[in-house]
Amino acid sequence: MLLLLLQGLNGLQLGILLFLVAAGLTLVFGVMDFINLAHGVQYMLGAYLAAFFASLTGSFWLALLFALPSALAFGLLLEWLVFRHLYDRDHLSQVLATFGVILFLNEGVKALWGSAPLQVPMPALLSGGFEIMPGLQYPIYRIAILGAGLATAGLLWLVVERTKVGMLVRAGATNAPMVAALGVDIRRLFMGVFGFGAMLAGFAGVMAAPILSVEPGMGDNLLILAFVVIVIGGIGSIRGAFLAALMVGLIETLGKSLMPDLMRLFMDPSSARQTGAALASMLIYIAMAAILAVRPAGLFPVRAA
Amino acid sequence: MDQMFFGRRAVLAGATGLAATGLAMPAVHAQATAGLKIGVIAVLTGPAAALGTHLRDGWMLGMKHLDNKLGGVVTESLVIDDELRPDVAVTKVRAALERDKVDVMVGVVFSNVLAAVMRPITENGTFLIGTNAGPSTFAGRGCNPNFFTTSYNNDQVHSVMGQAAQDAGYRRVFVMTPNYQAGRDAVAGFKSRFKGEVVDEVYVPLTQLDFSPELAKIAASRPDAIFTFMPGGLGVNLVRQYRQAGLANIPFLSTFTVDESTLPAQGEAAEGFLAASVWAPNMDNEQNRRFVHDFEGQFNYIPASYAAQSYDAAMLLNSAVGKVRGSLTDKDAFRAAIQAADFNSLRGNFKFGTNHYPVQDFWLCKVEKRADGKFQTATVKKVLENDVDPYAAECRMR
């Protein structure tokens, strides 16, 4: 029972990390109708910037402080250089171009920092742990991720639901030409959303850097999960992304820990372990298919069908 | 607006130009000189590029120590990036064979690439010296007269850990590997020598990021030790999270999980963790001391076994080309010259078995912090002596 609770906590924590990445993606996709495959690379860049500044300053906090504006600036730079020219093109051009950005940046970080994985030290303040069950420490840092993610979610909700900018963003998501016709500089709004999304992804990268390995291509795996999250949640919906991220985190974690044992009821142990593991990794996609069958536009559709 | 546009163009053009020069730099250009030409196959792009870099640099240091001569013949190295894609590897290898007329191929980090390039190279009558991948397919019935390897058969390394667990008297071991063929082979290799109880076998997806669910399982089952095979970034994540979860008091037995290619990212988290290897930087012989010292001097990182095995391949070929006095036309004579393995291996003890895989010693290694604060693996004890891989008997060399 304790194990199950613990796995639940692990699932929530993965979900929060996913949410940080997916939030920016869903905004960009929802508001601008722009498929940005390079979002995962921005997560990777956040982690690399953290590693870079941490090695310069020796402090995680300073690294965080410097990495965020750098991630923002880089996001804006990319928008200016590449993405801006793609807004009016079809999705295929966007996918191709942003995929090119992935390749370019993955090789770019390798040229700059080498292909060996890097590490970011955990901040001393958060490096302890407490014994959650006999023999197992739960690192305080993971609780901090949970806290930071929840705080970001709350802040985002506040901005999107309660401020003028948030109102424009929501309006842009529903009907961009109408917002432009009302005299709002939609390009500037897009640029702001894009930069902010890049910074959120970068923030997720910085937070993940002390527990995950910082290496070229680290964002690619996460990107697939992030797309699952925003599709389940309803494209453009922060609330949907939040719930879907927690759901995916929980399904993924609990599936992995329970499936092999569940399979053992039907088959012999060794094949149960392998099929269980294989099934567990399929589980979120099965869940996505099931949800889309019932609600084709996701849990919280933004655009009127 | 127009001006801005031109600004963008200029920046883009500049970036492209930079990238082009950056890409062009590492390529070694073929020149029309009499002498030998060696193709070095290594993965240099993608997540696994760190391993290919070790392999290439090891070879390059060997050639530098040999003054770019094998057996006295001026030699040129042609680096081939296989991109860890078998189709790409085959295309590039064919080009190297037919256009550049390379005399010998060395390298290859991954088994799937080796499997793809094996026939194009050997059927061309060219020798291939593997310096890392050692799949069982080419050790047993699929053994090939034109293929040698300076590494090992993968199964041996995993079985070393099984033997080490057995020797240490562990009774209950928790096993965790990625869910693919090599992961299942690792478990089989471990179990071939470990006779105690395997408490649980956990298979994780190759894209696994967070190990918390598995760590909770490990803590709950309280094993005497865990055995794992988590190559590359997987291993970095696992090792750090294992330490952060306070599980480090449970012995961590591993293969291809903690070595000099991942230690820079694992650092303190890996200290005291165990690995199995044929070589470690601390091995105490004259050639190894020189190798490690010069390698760090030139490339500014600590070499891993990929580098050492490639360096050995350079020394091996040097001895073989010397024996046939620079003439590679008599294939049988050259084959016999390689088989003789008349060189000083960084591992000390080294000879080839009948299947052209080494017969050698296997070591239990431990991660330790050096005086300069960097981390490396160091030998703890010899686990297997003059070990012959389990497939050698099936090999009928034809």
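First the proteins, then the strands, lettered A, B, ... as listed; each starts at 1. Given the structure is predicted, the values throughout are model-derived calculations rather than measurements.
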Of all the residues in residues 182-192 of chain B, which have a heavy atom that comes within less than 4.5 Å of a heavy atom in chain A? R184(B)
Residue, of L44(B), N249(B), V202(B), N179(B), that accumulates the most heavy atom pairs under 4.5 Å with chain A: N179(B)
Can you tell me if CZ on R172(B) sees more than 12 non-hydrogen neighbours from other groups inside 6.0 Å? yes
Contact class of A280(A) relative to chain B, heavy atoms under 4.5 angstrom: neither
Whatever's closer than 4.5 Å to a heavy atom in chain B on N221(A) counts as side chain
List in chain and number order the residues that pass ring pair (Phe, Tyr, Trp, His ring centres under 6.0 Å) with F273(B), two or more places apart in sequence or in another chain; answer none if no residue qualifies. Y242(B), F252(B)
Chain A: which of P205(B), G233(B), G246(B) shares the most heavy-atom pairs with it under 4.5 Å? G233(B)
Minimum heavy-atom distance between P117(A) and S261(B), given as atom pair plus value: CD-O, 4.0 Å
Taking atom CZ of R142(A) and atom OG of S212(B), what is their separation to the nearest 0.5 Å? 3.5 Å
With no hydrogens and no angle check, do the side chains of Q208(B) and K256(A) hold a donor and an acceptor under 3.5 Å apart? yes
Side-chain contact, heavy-atom cut-off 4.5 Å: Q266(B) with Q119(A)? no
Indicate the atoms forming the closest heavy-atom contact of L6(A) with A216(B), along with that distance. CD2-CB, 3.5 Å
Please state whether the side chain, the backbone, both or neither of E131(A) comes within less than 4.5 Å of a heavy atom of chain B. neither
Can you tell me if R264(A) has over 12 outside heavy atoms packed within less than 6.0 Å of its CZ? yes
Counting only heavy atoms not in Y180(B), do more than 12 sit closer than 6.0 Å to its OH atom? yes
Does any non-hydrogen side-chain atom of M218(A) lie less than 4.5 Å from one of N237(B)? no
Non-hydrogen atoms of chain A under 4.5 Å away: do they reach the side chain of T45(B), the backbone, both or neither? both
Which region of L238(B), side chain (C-beta onward) or backbone (N, CA, C, O), has a non-hydrogen atom less than 4.5 Å from a non-hydrogen atom of chain A, or is it both or neither? neither
List the atom pairs, with distances to 0.1 Å, where a side-chain N or O of residues 47-56 of chain A and a protein N or O form a donor-acceptor pair under 3.5 Å, not counting sequence neighbours.
from: S55(A); atom 1: OG; to: A51(A); atom 2: O; distance (Å): 3.4
from: S55(A); atom 1: OG; to: F52(A); atom 2: O; distance (Å): 2.7

What residues of residues 208-217 of chain A sit under 4.5 Å from chain B when you count only heavy atoms? A209(A), P210(A), I211(A), L212(A), S213(A), E215(A), P216(A)
So how far is it from K217(B) NZ to L136(A) CG, rounded to the nearest 0.5 Å? 14.0 Å
Greatest number of heavy atom pairs closer than 4.5 Å to chain A - which of R222(B), H54(B), Q241(B): Q241(B)
Measure distances from D210(B) to the heavy atoms of chain A and classify the residue's part below 4.5 Å as side chain, backbone, both or neither. both
Quick check: does any side chain N or O of Q244(B) sit under 3.5 Å from a backbone N or O of P139(A), one acting as donor and the other as acceptor? no
